[in-house]
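Computed from a predicted structure; not experimentally measured.
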Amino acid sequence: QTLEKVDLAGLTIEVVRERGSGGQGQAPATARPVIAYFSGTVPDLGRRMQKLVAMGKPVVIVLGLPDLPRPKASSDAAQFRIDLLLIEQAAWSLASRDKRLSVVSSRTEIDWAVRQGAIIVWAPSKLLTDTPGAPESLQDDLGLAIWLADQLDAERIVTHGTVAGQAESRVPIGPL
């Protein structure tokens, strides 16, 4: 495995080259991540991180809307964007509380982090607006986690409490 870092006008790009066994060019098996759905605030992040790390799996944390008053828009499309911004602010705030966490937004970033076995926090705007058939409202926060779990062929969804929606998901949902 070789690693190159290239700096292009302040943008650093990392290129990792791996040689497969026997030079056959086989792609490495993709790990199946666990989706960790956290709604509202996350006051006990340290305890939850211990449990996530103990699983020994790549984890994508999906946040629900924060338990805060939120601006109301006059159109569904504007409300969707406002809600996404609130979730993304919460993602950055959560990641700032633990140095092991990073925020990712694109499918490429998610796939890279999953292959590395990382625990990441998902900022959903980019992927939702770039993917045909993605949810266009956040009426059901858990629905966002279920959608991402389907997209990533996740192993399971874990939550910090009892949630509804288990019948809607082909991915098993259970407590963390």
Side-chain angles (χ1 to χ4, degrees), residues 10-13 33-49 51-52 58-114 116 118-176:
L11 175 66
T12 301
I13 299 171
V34 171
I35 303 297
Y37 170 71
F38 298 156
S39 64
T41 58
V42 184
D44 55 347
L45 180 60
R47 184 180 57 78
R48 291 184 196 187
M49 284 297 293
K51 289 182 175 184
L52 294 175
V59 177
V60 180
I61 297 172
V62 176
L63 298 176
L65 286 165
D67 293 333
L68 303 169
R70 63 186 218 234
K72 297 293 179 199
S74 59
S75 75
D76 291 342
Q79 189 64 54
F80 179 59
R81 291 297 187 135
I82 289 168
D83 292 346
L84 287 175
L85 287 171
L86 290 169
I87 290 172
E88 294 201 357
Q89 288 175 334
W92 284 102
S93 178
L94 184 72
S96 74
R97 294 169 45 201
D98 191 301
K99 66 181 178 181
R100 296 170 289 186
L101 294 174
S102 61
V103 177
V104 299
S105 57
S106 72
R107 179 63 190 255
T108 302
E109 291 172 318
I110 293 170
D111 289 345
W112 168 257
V114 166
Q116 302 308 306
I119 299 176
I120 56 176
V121 185
W122 180 43
S125 293
K126 179 156 182 50
L127 192 56
L128 290 179
T129 57
D130 288 352
T131 306
E136 295 178 354
S137 75
L138 298 177
Q139 302 294 348
D140 172 17
D141 294 345
L142 181 60
L144 196 58
I146 291 169
W147 179 82
L148 185 63
D150 286 340
Q151 295 295 305
L152 301 178
D153 189 29
E155 181 179 299
R156 66 183 185 268
I157 300 171
V158 295
T159 66
H160 65 281
T162 304
V163 294
Q166 294 180 6
E168 304 168 19
S169 177
R170 69 171 184 74
V171 178
I173 302 173
L176 176 59

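Distance CG/D83 to CD/E88: 11.5 Å, rounded to 0.5 Å. With rounding to the nearest 0.5 Å, the separation of CE in M49 from CG in L94 is 8.5 Å. For the atom pair CG of L128 and CH2 of W147, the computed distance is 5.0 Å after rounding to the nearest 0.5 Å. Rounding to the nearest 0.5 Å gives a distance of 9.0 Å between CG of L142 and OG of S39. The OG atom of S125 sits 7.5 Å away from atom CZ of F80, with the distance rounded to the nearest 0.5 Å.
In this structure, the side chain of S93 does not engage the main chain of Q89 through any donor-acceptor pair within 3.5 Å. A distance-only check finds a donor-acceptor pair linking the side chain of E109 to the backbone of S106 [under 3.5 Å]. Judged by distance alone, the side chain of R97 and the main-chain N or O of V42 form a donor-acceptor pair under 3.5 Å.
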Working for side chain to side chain contact (heavy atoms under 4.5 Å, CB included), residues I146 and R170: CA-CA 8 Å; I146 291 169; R170 69 171 184 74; over 6 Å; no
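In this structure, the side chains of I35 and V59 stay at 4.5 Å or more apart for every pair of heavy atoms. Within the 4.5 Å cutoff, no side-chain heavy atoms of P172 are placed close to those of I157. Considering only heavy atoms from C-beta on, L127 comes within 4.5 Å of I110 through its side chain. No side-chain heavy atom of V121 sits under 4.5 Å from any side-chain heavy atom of W92. For the pair L65/R70, a side-chain contact is recorded, criterion being any heavy-atom separation below 4.5 Å from C-beta on.
Closest of all the heavy-atom pairs between T159 and I173 is CG2-CG2, 4.1 Å. Closest of all the heavy-atom pairs between L138 and I87 is CD1-CD1, 3.6 Å. The nearest pair of heavy atoms linking P33 to V114 is CB-CG2, 3.9 Å. Scanning both residues, L144 and L63, for their nearest heavy atoms gives CD2-O, 4.5 Å. Heavy atoms only, all atoms of each residue included: L101 and I61 are closest at CD2-CD1, 3.9 Å. Closest of all the heavy-atom pairs between W122 and L148 is CE3-CD2, 3.5 Å.
Listed by chain and number, the residues in a side-chain hydrogen bond (donor to acceptor under 3.5 Å, both in side chains) with K126 are D130 (sequence neighbours excluded). The side-chain hydrogen bond (donor to acceptor under 3.5 Å, both in side chains) search around D44 returns R47, R48, not counting sequence neighbours.
Atom NZ of K99 sits in a sparse spot, with 12 or fewer heavy atoms from other residues, nucleotides or ligands closer than 6.0 Å. Annotation for D153: atom CG counts as buried by contact number, over 12 foreign heavy atoms lying within 6.0 Å.
Judged purely by distance below 3.5 Å, without hydrogens or angles, the side chains of Q79 and S75 never pair a donor atom with an acceptor atom.
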